[in-house]
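Count residues from 1 along the sequence. Note that the structure is a prediction, hence the values are computed from the model and not measured.
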Amino acid sequence: MMGPGGAPVMVLNTSTERDTGRSAQMGNIAAARAVADIIRSTLGPRSMLKMLLDPMGGVVLTNDGHCILREVDVSHPAAKSMIELSRAQDEEVGDGTTSVIILSGEILRRAAPLLERNIHPTVVIRGYKQALAAGLEACRAIAQQLDPDDTPRLQELVTSTIGTKFSSRWGSRLVDMAINAVKRVVTDHGSYKEVDIKRFVRVERIPGGELDDCRVLDGVMFNKDVTHSKMARRIENPRVLLLDCPLEYKKGDSQVNVEMMGEDDFNQLLRQEEEYIETICAQIVAFRPDVVITEKGLSDLAQHYLVKAGITAFRRLRKTDNNRVARAVGATIVSRPDEIQESDVGTGCGLFEVRKIGDEYFAFFEQCSNPKACTVLLRGGSKDVLSEVERNLQDAMQVVRNVLVEPLLLPGGGATEMAAAKYIKDAMVAGSVEAHAAEAVAEALEVIPSTLAQNCGANTVRLLTELRSKHAAGEHTFGVNGTTGKLTDMSALHVWEPFSVKVQTLKTAIESATLLLRIDDVVSGMKKKGNQ
């Protein structure tokens, strides 16, 4: 800042770094491109894996865009903003995390020449918004309807989703597991479908065995053993009672003083505790349950009464696990033993059994008549393999969920991006400044088929030229075969992607690019601890 006499006036602290105007914008664009280049090679079926060493010394092997960027430590604010994109994409639709970063980086790269020609960022942003509207229209125009009950078509969709992942070598097993798990937890409320994978599908990873032992249970399991050795470990058609109250005497929250006057007072106190526990157990036993599960503690005396009544008990089960058991066996979680009703007891389970897998004991509730929750059991050689298979399975389940909620499909292999690019170019009014920005988005969309071709070693320039000519002729299902690098009709190759994933990718990439282009000042400086 200049003073009245032309002398500089220092407003900011001298230790503060400041980037303004063009240099700030170019710095942001460079940071976004750097983040996109990290994961560019992980797109498509011929993608490479990244090995990441976390601060605790653990090793992560993955080609999942979100997982890679979550582990990478960056300091530039624009790069951090890009990494947030993949997190938002992962939480919203669960797939397309690599595509959204690559696309956003490319859109920003195409904005640099426009800024160098002194086109104002707001004009560029206006063009980007028009391109987004045209791109979404293009997606709507070429989308195909899917019948959620058409299992072969659903399998094609999930196969093309995990075809780019590490788990694709195990073929249809993972695909079938994802479809079965999601279909188990679908709840139809008439006007809408609720598909809550996060709460009601639990993935249990147990090292050992082999991947052929993986399966989706028609019920749930959890890592607990019975509390007493005399309790039954296998019960057919059990009556299950779920509690979230302690089956032990209540202890005082703070320091409690008891004054005893007579010699029998202490015995009387003990007798009161025993009577309290006996009353609770009598209330439970009255409903003849075979299995009792509580989220809180279970005293030795309560175990004694339950064993005498032939009841198997589990204690300190996690709330999330208890909710899943309730959904699977048709029980209601009870908070007070004196309020138990017959309708609270779950009778939907066909078999309860405690089994030992490796060194651990697991309780299985299987053969449930209508389980609205399930457990996916994963077995494999090592923890690293299991972690990657779980990440791939989560992506596959999210894709099935998206399609069940919004049953529309778009062609994969870069075909949708090429169709959207052509639609944007045709929709823009030639000669306007916004049209230049919109065309930059259309050119940036071609980075997806270009990267797919690049990752499998094809001739990128020739392939893109052929692809443009196909789309110019109206054949919008043509894209790049990510395995061979050839030009292929995606409907013949059966490579489809969910509509919601593609649309979210386009929205997130363009909106984040417009956000970063609005920044014209980056101030970075540490505040001293004394001046808080």
Side-chain angles (χ1 to χ4, degrees), residues 219-254 256 258 264-354 361 363-366 368-373:
V220 292
M221 63 178 274
F222 50 83
N223 187 357
K224 289 275 177 194
D225 193 8
V226 293
T227 52
H228 194 285
S229 57
K230 293 278 179 69
M231 288 176 176
R233 287 168 168 268
R234 187 177 193 279
I235 303 169
E236 291 183 9
N237 300 316
R239 288 167 56 82
V240 183
L241 179 64
L242 305 177
L243 304 168
D244 70 348
C245 56
L247 299 183
E248 55 190 356
Y249 194 73
K250 288 177 185 169
K251 299 178 179 67
D253 291 336
S254 56
V256 178
V258 179
D264 288 339
D265 287 358
F266 187 66
N267 289 336
Q268 205 172 337
L269 270 175
L270 292 176
R271 205 174 304 116
Q272 277 182 0
E273 289 190 11
E274 288 174 10
E275 283 170 3
Y276 171 75
I277 291 170
E278 190 177 358
T279 307
I280 289 178
C281 291
Q283 289 165 347
I284 291 169
V285 171
F287 286 89
R288 306 183 317 282
D290 297 309
V291 180
V292 172
I293 301 173
T294 179
E295 294 171 25
K296 305 290 195 307
L298 178 70
S299 69
D300 292 348
L301 187 62
Q303 285 179 40
H304 165 72
Y305 288 125
L306 294 176
V307 168
K308 270 175 66 176
I311 297 171
T312 299
F314 294 91
R315 65 179 161 202
R316 305 202 189 283
L317 189 69
R318 280 196 298 256
K319 183 78 177 171
T320 50
D321 284 335
N322 213 12
N323 286 336
R324 272 189 288 275
V325 175
R327 287 262 293 206
V329 304
T332 306
I333 299 173
V334 183
S335 298
R336 290 170 60 113
D338 54 346
E339 292 178 358
I340 300 172
Q341 298 174 356
E342 181 59 36
S343 58
D344 297 332
V345 179
T347 54
C349 177
L351 175 68
F352 156 73
E353 190 173 7
V354 176
Y361 286 96
F364 286 79
F365 291 83
E366 291 183 301
C368 296
S369 53
N370 184 24
K372 287 296 174 189

If you round to the nearest 0.5 Å, how far is [atom2] of [Y] from [atom1] of [X]?
{"X": "Leu301", "Y": "Cys281", "atom1": "CG", "atom2": "SG", "result": "7.0 Å"}
{"X": "Thr347", "Y": "Glu342", "atom1": "OG1", "atom2": "CD", "result": "8.0 Å"}
{"X": "Leu351", "Y": "Cys368", "atom1": "CG", "atom2": "SG", "result": "9.5 Å"}
{"X": "Arg318", "Y": "Asn323", "atom1": "CZ", "atom2": "CG", "result": "12.0 Å"}
{"X": "Ile280", "Y": "Ile340", "atom1": "CD1", "atom2": "CD1", "result": "9.5 Å"}
{"X": "Leu317", "Y": "Asn223", "atom1": "CG", "atom2": "CG", "result": "10.5 Å"}

Could you tell me which non-hydrogen atom of [X] sits nearest to which non-hydrogen atom of [Y], and how far apart they are?
{"X": "Ser299", "Y": "Ile277", "value": "OG-CD1, 3.6 Å"}
{"X": "Cys349", "Y": "Val329", "value": "CB-CG1, 3.6 Å"}
{"X": "Glu248", "Y": "Leu298", "value": "OE1-N, 4.1 Å"}
{"X": "Leu241", "Y": "Pro289", "value": "CB-CB, 4.0 Å"}
{"X": "Ser335", "Y": "Cys245", "value": "O-CB, 3.2 Å"}

**Request:** Find out whether the Lys NZ or Arg CZ of Arg233 is both under 6.0 angstrom from the six-membered ring centre of Tyr361 and within 45° of the ring's axis.
**Result:** yes

**Check against side-chain contact (heavy atoms from CB on, under 4.5 Å), Val325 and Phe222** = CA-CA 9 Å; Val325 175; Phe222 50 83; 3.9 Å; yes

**side-chain contact (heavy atoms from CB on, under 4.5 Å) assessment of Leu306 paired with His228** = CA-CA 10 Å; Leu306 294 176; His228 194 285; over 6 Å; no

So does [Y] get a backbone contact from the side chain of [X], meaning a donor-acceptor N/O pair under 3.5 Å?
{"X": "Thr312", "Y": "Val291", "answer": "no"}
{"X": "Arg327", "Y": "Ala373", "answer": "no"}
{"X": "Asp344", "Y": "Gln341", "answer": "yes"}
{"X": "Arg239", "Y": "Arg288", "answer": "yes"}
{"X": "Lys296", "Y": "Asp244", "answer": "yes"}

**Asked** Under 30°, 30 to 60°, or over 60°: which ring-plane class applies to Phe352 and Phe314, parallel, tilted or perpendicular?
**Response** perpendicular

**Item:** Minimum side-chain heavy-atom gap Ile293-Phe365 below 4.5 Å
**Value:**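 They are in side-chain contact.
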
**Message:** Within the structure provided, determine whether Pro246 and Thr294 are in side-chain contact (heavy-atom separation under 4.5 Å).
**Reply:**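 Side-chain contact under 4.5 Å: no.
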
**Request:** Give the intermediate values and the outcome of side-chain contact (heavy atoms from CB on, under 4.5 Å) for residues Val354 and Lys224.
**Result:** CA-CA 8 Å; Val354 176; Lys224 289 275 177 194; over 6 Å; no

**CA sep, side-chain torsions, deciding dist, call: Ile284, Leu247, side-chain contact (heavy atoms from CB on, under 4.5 Å)** = CA-CA 10 Å; Ile284 291 169; Leu247 299 183; 3.8 Å; yes

**Request:** Using the salt bridge (Lys or Arg N to Asp or Glu O under 4.0 Å) rule, take Arg271 and Glu278 through it: C-alpha gap first, then chi angles, then the decisive distance, then the call.
**Result:** CA-CA 10 Å; Arg271 205 174 304 116; Glu278 190 177 358; over 6 Å; no

